[in-house]
Amino acid sequence: MTRSDVVVHSGGDLLAAAAAARLITALVDAQADHGVASLGLTGGRTGNAVLEHVRSSPALQAVDWSRVDFYWGDERFLPAGHADRNETQNRAALLDHVGVDPARVHAMEPSDGRFGDDPDAAASDYASVIGSAAFDVLLLGVGEEGHTASLFPDSPAVHEVSRSVVAVRDCPKPPPTRVSLTLPAIRRARQVWLMTTGEAKADPVARALAGASPIEIPAAGARGTDRTLWLLDSAAAAKLS
Ligand SMILES: O=C(O)[C@H](O)[C@@H](O)[C@H](O)[C@H](O)COP(=O)(O)O
C-alpha cells in the first residue's frame with residue numbers, strides 16, 4: 001500500500017492556491033510522459049476553489065487543455081446545467097475558461113439525460129465510460145463525517161467491492177441522489193489527492209490517517225496506486241499527532 005503524504009498549509013486559500021500550482025505541474029508532467037493527462041474532478045468548496053486558482057494562475061497555459069481527459073469522482077443526480085451539479089460548478093470555475101476538447105469532457109449523465117431519472121442506469125453508463133481508466137490525478141474532498149466523493153459511512157456504496165460506479169440515494173449531504181465512483185475505482189488512480197480545510201474536518205482527517213476503517217471513514221479508503229496526498233490547512237490538520 002502506498003504511503004500517505006500530508007502537506008499542511010496555513011490557511012484555506014493558500015491550500016487552494018498551492019494545490020492549483022501542484023495540479024498544473026502534475027498535468028504538465030503527465031502530458032510530457034504520455035501525451036494526454038487524465039484528471040478526476042470533485043465537487044465541494046475546496047475542489048472548486050482549487051480550480052478557480054488554476055484558472056487565475058500565470059502558468060495556466062502551461063497545460064494543453066485540449067489534451068486533458070476530464071472525469072468526475074461523483075455527481076449530484078440533477079438536470080443538466082443545474083447550479084448544484086459538480087459539472088456546472090467545475091465548468092464555471094475552470095473548464096469553460098480554457099480550451100478543452102469537448103470530446104474529452106466525460107460528464108456523468110444528468111437526471112434529464114439519456115437515462116432519464118434512473119441513477120442506476122447513469123452509473124452503469126459511467127462505468128463503461130471510465131472502463132479501467134487510471135486517472136493521473138483524482139481530486140477528492142472530505143466530508144465532516146468522513147465521506148469522500150459520494151461514499152458515506154457504512155453506506156451500500158462504500159461496501160461496494162466489484163462495481164466501479166454506483167447510484168447513491170438518501171445522501172446525508174444534499175442533494176440526496178448522486179452517482180459516485182466506488183473505492184475500487186478510486187484506487188485505480190495513480191495519484192489521489194484528498195483536499196480539505198477547516199476544523200470541522202480535523203476529526204475525520206485524523207481518524208483516516210490513524211488507520212480508520214473505510215466503512216467508518218470512507219476517505220480512509222481513498223488511495224492512489226502511486227501516491228496518496230492529503231492537502232490540508234492547519235485547521236483540518238489540527239488533530240494529527
Ligand atoms: O459532491 C460533493 O459534494 C463532493 O464530491 C463531496 O465529496 C465534497 O468534496 C465533500 O463534501 C467536501 O466538500 P467541501 O470541500 O465543500 O467541504
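We count ligands from 1, going down the list as the structure has it; atoms in each ligand are counted the same way. Predicted, not measured: the structure shown is a model, and the values here were computed from it.
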message: Checking contacts here: is it the side chain or the backbone of T46 that comes within 4.0 Å of ligand 1, counting heavy atoms only? Could be both or neither.
response: both
- line: among protein heavy atoms, the one nearest atom 14 (P) of ligand 1 is R45 N, 3.6 Å
- request: With heavy atoms of T42 as the reference, note each atom of ligand 1 found under 4.0 Å away.
  value: 5 (O), 9 (O)
query: Are R114 and D125 ion-paired here, with the side-chain N under 4.0 Å from a carboxylate O?
result: yes
- prompt: What atoms of ligand 1 come closer than 4.0 angstrom to any heavy atom of K201?
  reply: 14 (P), 17 (O)
field: Side chain, backbone, both or neither: the part of N86 lying under 4.0 Å from ligand 1 by heavy atom
entry: side chain
task: Report the nearest protein non-hydrogen atom to atom 13 (O) of ligand 1: residue, atom name, distance rounded to 0.1 Å.
output: K173 NZ, 3.5 Å
task: Spell out, as yes or no, whether a donor-acceptor pair under 3.5 Å connects the side chain of T42 to the backbone of G47.
output: no
message: Quick check against the 3.5 Å criterion: does R178 have a side-chain atom that pairs as donor or acceptor with the backbone of P175?
response: yes
message: Considering only residues two or more places apart or on different chains, which pairs with a residue in residues 40-57 satisfy salt bridge (charged side-chain N to carboxylate O under 4.0 Å, His left out)?
response: E52-R55
message: Looking at K201 and E144, is any side-chain nitrogen of the basic one under 4.0 Å from a carboxylate oxygen of the acidic one?
response: no
task: Give me the other members of the hydrophobic cluster that V168 sits in, counting Ile, Leu, Val, Met, Phe, Trp and Tyr linked by side-chain heavy atoms under 4.5 Å, directly or via other members.
output: V166
message: Checking contacts here: is it the side chain or the backbone of A149 that comes within 4.0 Å of ligand 1, counting heavy atoms only? Could be both or neither.
response: backbone
- prompt: Which of the numbered atoms in ligand 1 are below 4.0 angstrom from a heavy atom of V142?
  reply: 12 (C)
message: Under a 4.0 angstrom heavy-atom cut-off, which atoms of ligand 1 come close to R76?
response: 1 (O), 2 (C), 3 (O)
message: Regarding D226 and Q191, do their side chains bring together a donor and an acceptor under 3.5 Å, going by distance alone?
response: no
- prompt: So which bit of H147 gets within less than 4.0 Å of ligand 1, heavy atoms only: side chain, backbone, both or neither?
  reply: side chain
message: Can you report which non-hydrogen protein atom sits closest to atom 9 (O) of ligand 1, along with the distance?
response: G43 O, 3.0 Å
message: To check your reading of the model: name the closest protein heavy atom to atom 2 (C) of ligand 1, its residue, and the distance in Å.
response: R178 NH1, 3.3 Å
- request: Flag the pair D33 and R190 as a salt bridge only when some basic side-chain nitrogen lies within less than 4.0 angstrom of an acidic carboxylate oxygen.
  value: no
